[in-house]
Every structure is written in structure tokens, then in C-alpha cells.
Amino acid sequence: MFFPYRVDLELKIFPLVTTLICTACIYIHYSQVVSNRAVLQAAAEHCQKTSPFFEMILSTLQTGPEVLDCRNFLLEVHTSTDTRSRLRQLTESSRGLSAFSEEDSRAMVTDMLQQQYDNFSRLAPDYLTKTLWYDPISWNPLNMITAVFAHADWLHLFGNLFFFFAFAAAVELIVGPITFSVLVMVTALFTGIMYSASAIATGHPAPTVGLSGVVMAMVALFVFFLPRGKIRCFLVIRTVVIPAWILATWYIGWDLYKLFSDTGESGINLVAHVSGAGFGYLTGLLFFRSRRQEIQEIHYV
């Protein structure tokens, strides 16, 4: 696997916006981690006060091979896109209480689950990731933007940032910081719209986070400007230099293959990857043809 870390292009101007975006992503993910820990702690403290009867109620829920314990129940509902729907699904999964009629059992399970979650939610801290993520059903433009700055974990974050800085710093130098900032925001909106359309059409409207759609747009836009530009990449324990068009063809081609063969279980927003790449290259064709000629005359001399 090739891991790009910089382009062979002299950056005469410091890539301020690229650096600020990377810094914002790191700070936001750190805040997400702190928020996650706070929610976990609140759930653990709440569950210490629950009754054995509530544990018995939870044991009737048929959610998988393992019994859903108190903490995981609270986390599952609190971090879901729709808490009411998730509570209803859990209630409907109950096999019932043998000492009661089906109707009474269903009512008791519903009341107990709702009561416990209500008690928890009144004191629990907000789940920051849920505030930032983009739910494709919402078509919320603000969350289309906030979602690109949030990430699922540290590996997801730094994987995106390595790719982003490698290509975006050069793109910012070529188009200027203001135009670059606009491109990032518009790309976030475009990939969000494309993801909503795809998620609703396929019936898999899962929330999404991550900078990867913007990253792929920067890769494609860089290739538009300098297809033969040299990209320095890590390969196992050494570094290699690869032409930009080859690297882009590999990654975009792989995303296209996965998009049409993926069953939806990868957890990767491949629609954002592919639509971001397409948007980046199309933007170059529509708005930056003259700038491409200037850059190539300078760089390929």
C-alpha cells in the first residue's frame, strides 16, 4: 500500500488554510474522545444505581448472541440517530416476561426502557460525534460541513490527514487560500448531497464523518494541474516517488471497484470518495484550465 506524504513541489507560501484544517480536525477529534469518555462514565455511574429488575428486562431483549447489559443499552440508544426509533426497536425485540400477558409485558418493557433512558439522558453529557456527524436523511448543509472535520478514531483521522496534507498544501498554493477554502466547503456540500441521494436510494442511510471526500477532491484536482507531478510515498520501510496520475488511478479505481462490489458492511463512505474525486477534477476542467497551463509551464520546464 502506497502512503503519500508530500509532493515534489516547492511550496513558496506556507499552506495556512491546509494547516488550520488539519489542526481543527485534530482538536475536534480530541474533543470527541473526551466526549465519548464522559458519556461512558455517565452510563457506568447510572448503571450502578439500577435495579435487578431492569437487568431482567434487558435480558429479554433479543439483540444478538450476547445479552445487552445496562451500559451498552444506554450507549446504543444515546448514540443512535433516532433515540425513539431505537427504543421502539429494542422493545419489539423483547421475548416478553413469562409472568405477564403479552400486552402487559410489552407495556412494562416499554415503560422501563423509556424511564431508564429518560433518567440517564437528563444528566448525561452530549455525544459530540452525534452533533457533528451528517445524517443523510436530514439534508442538513451545516452538518455536511461539520462532518468532514469529525472522525471515527485516531487511525481514521491521521490516515485522512496524511493524504490531505500531501495534496491539499500544493492545491492551496496553486489556487490561493481563499479559493481553496471555498473549494473545501463546496466539496463538503457536494459529497454530502451525493451521499444523501445514494443512501436514501439504497436504503442504507447511516451517519457519516470524515474528511475523505474532500481529500479525494484534492487528489483529483492536483492530478488535473500536474498529472506527472511526483508524489513521495511510504512503502513498507522505504520511500518511493510515483507520478500523481498513477497514484490517483490506483486509489480512485480501487474506490470505484469497492463502490460497486461493496455490500455496505465496510463502514467506508465510498460515495463521498468517488463523488469527491469526480467533483475535484470537474472543478479543474470548468474553472482552472488557464491556471493549469501556467503551472505546467513552470513545473515541467
Side-chain angles (χ1 to χ4, degrees), residues 24-138 140 142-143 146-147 149-158 204-210 265-267:
C25 287
I26 293 170
Y27 174 77
I28 288 171
H29 187 67
Y30 172 76
S31 300
Q32 288 177 257
V33 171
V34 171
S35 170
N36 294 350
R37 288 175 180 170
V39 173
L40 283 169
Q41 180 65 28
E45 291 175 357
H46 178 86
C47 289
Q48 290 176 353
K49 305 170 187 176
T50 58
S51 66
F53 181 67
F54 178 59
E55 295 292 344
M56 184 182 72
I57 293 288
L58 290 177
S59 70
T60 71
L61 305 182
Q62 299 173 308
T63 58
E66 297 181 359
V67 174
L68 193 67
D69 63 17
C70 173
R71 192 188 73 159
N72 287 332
F73 159 73
L74 295 175
L75 294 175
E76 190 166 320
V77 176
H78 196 60
T79 60
S80 63
T81 55
D82 186 337
T83 56
R84 289 188 178 183
S85 290
R86 190 59 188 135
L87 279 169
R88 184 171 62 253
Q89 291 168 1
L90 291 171
T91 299
E92 292 172 352
S93 76
S94 174
R95 61 177 177 269
L97 300 166
S98 57
F100 300 90
S101 68
E102 182 178 346
E103 184 178 348
D104 289 343
S105 176
R106 179 64 55 85
M108 190 172 295
V109 170
T110 300
D111 290 344
M112 179 62 76
L113 295 183
Q114 186 70 61
Q115 180 184 18
Q116 287 295 330
Y117 178 69
D118 287 346
N119 291 340
F120 171 72
S121 63
R122 279 194 290 268
L123 301 175
D126 291 333
Y127 179 54
L128 179 59
T129 301
K130 186 175 178 178
T131 303
L132 298 172
W133 72 27
Y134 176 56
D135 181 356
I137 296 178
S138 71
N140 186 325
L142 178 60
N143 283 130
T146 60
F149 293 93
H151 288 81
D153 52 44
W154 288 111
L155 182 62
H156 183 210
L157 170 68
F158 286 113
H204 299 290
T208 185
V209 293
E265 298 176 354
S266 67

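All of these numbers come straight from a predicted model, not from anything done at the bench. What you see below is based on every heavy atom in this structure, not just the backbone, and it leaves out hydrogens, waters and symmetry mates.
Between the side chains of Asp135 and Ser138, no donor N or O sits under 3.5 Å from an acceptor N or O.
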- Task: Could you check Leu113 against Leu58 for side-chain contact (heavy atoms from CB on, under 4.5 Å), going step by step and ending with a plain yes or no?
- Result: CA-CA 8 Å; Leu113 295 183; Leu58 290 177; 4.0 Å; yes
- Message: Asn36 vs Gln32, test: side chain to side chain donor-acceptor pair (under 3.5 Å). Steps then yes/no.
- Response: CA-CA 6 Å; Asn36 294 350; Gln32 288 177 257; over 6 Å; no
- Going through the checks in order, is the side-chain contact (heavy atoms from CB on, under 4.5 Å) test met by Leu75 and Leu40? CA-CA 7 Å; Leu75 294 175; Leu40 283 169; 3.2 Å; yes
- Task: Mind running side-chain contact (heavy atoms from CB on, under 4.5 Å) on Ile26 and Leu157 for me, showing each step along the way?
- Result: CA-CA 7 Å; Ile26 293 170; Leu157 170 68; 4.2 Å; yes
- Task: Take Asn119 and His46 through the side-chain contact (heavy atoms from CB on, under 4.5 Å) test and state the conclusion after the steps.
- Result: CA-CA 9 Å; Asn119 291 340; His46 178 86; 3.8 Å; yes
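Of all heavy-atom pairs spanning Glu45 and Gln41, the tightest one is OE2-NE2, 2.8 Å. Heavy atoms only, all atoms of each residue included: Pro136 and Ala206 are closest at CD-O, 3.4 Å. Taking all atoms of both residues into account, the shortest heavy-atom contact from Arg95 to Ser59 is NH2-O, 3.0 Å. Taking every heavy atom of both residues into account, Thr50 and Cys47 meet most closely at OG1-O, 2.9 Å. The heavy-atom pair separating Ala43 from Arg71 by the smallest distance is CB-CG, 3.7 Å. Scanning both residues, Asp126 and Ser35, for their nearest heavy atoms gives O-OG, 3.0 Å.
For the side chain to side chain contact (heavy atoms under 4.5 Å, CB included) criterion with Tyr134, the lone passing option out of Leu142, Thr146, Thr208, Val209 is Thr208. Partner of Leu90 under the side chain to side chain contact (heavy atoms under 4.5 Å, CB included) criterion, chosen from Glu92, Arg86, Arg88: Arg86.
Put simply, the side chain of Leu132 does not reach to within 4.5 Å of the side chain of Asn143, judged on heavy atoms. Residues Met112 and Met108 fail the side-chain proximity criterion, which asks for heavy atoms closer than 4.5 Å. Using a 4.5 Å heavy-atom cutoff, the side chains of Tyr27 and Phe149 are not in contact. In this structure, the side chains of Lys130 and Thr83 come closer than 4.5 Å at one or more pairs of heavy atoms. By the 4.5 Å heavy-atom criterion applied to side chains, Leu68 and Glu76 are counted as neighbours. For the pair Phe120 and Val77, the minimum side-chain heavy-atom distance is 4.5 Å or more.
Relative ring orientation between Tyr117 and His78 is described as tilted, the plane-to-plane angle lying within the 30° to 60° band. Note: Trp154 and Phe158 have parallel aromatic rings, judged against thresholds of 30 and 60 degrees for the angle between ring planes.
You'll find the ring centres of Phe73 and Phe54 inside the 6.0 Å limit.
To the nearest 0.5 Å, the span separating OG on Ser94 from CD1 on Ile57 amounts to 7.0 Å. Note that the NE2 atom of His151 and the NE2 atom of His29 stand 8.5 Å from one another [nearest 0.5 Å].
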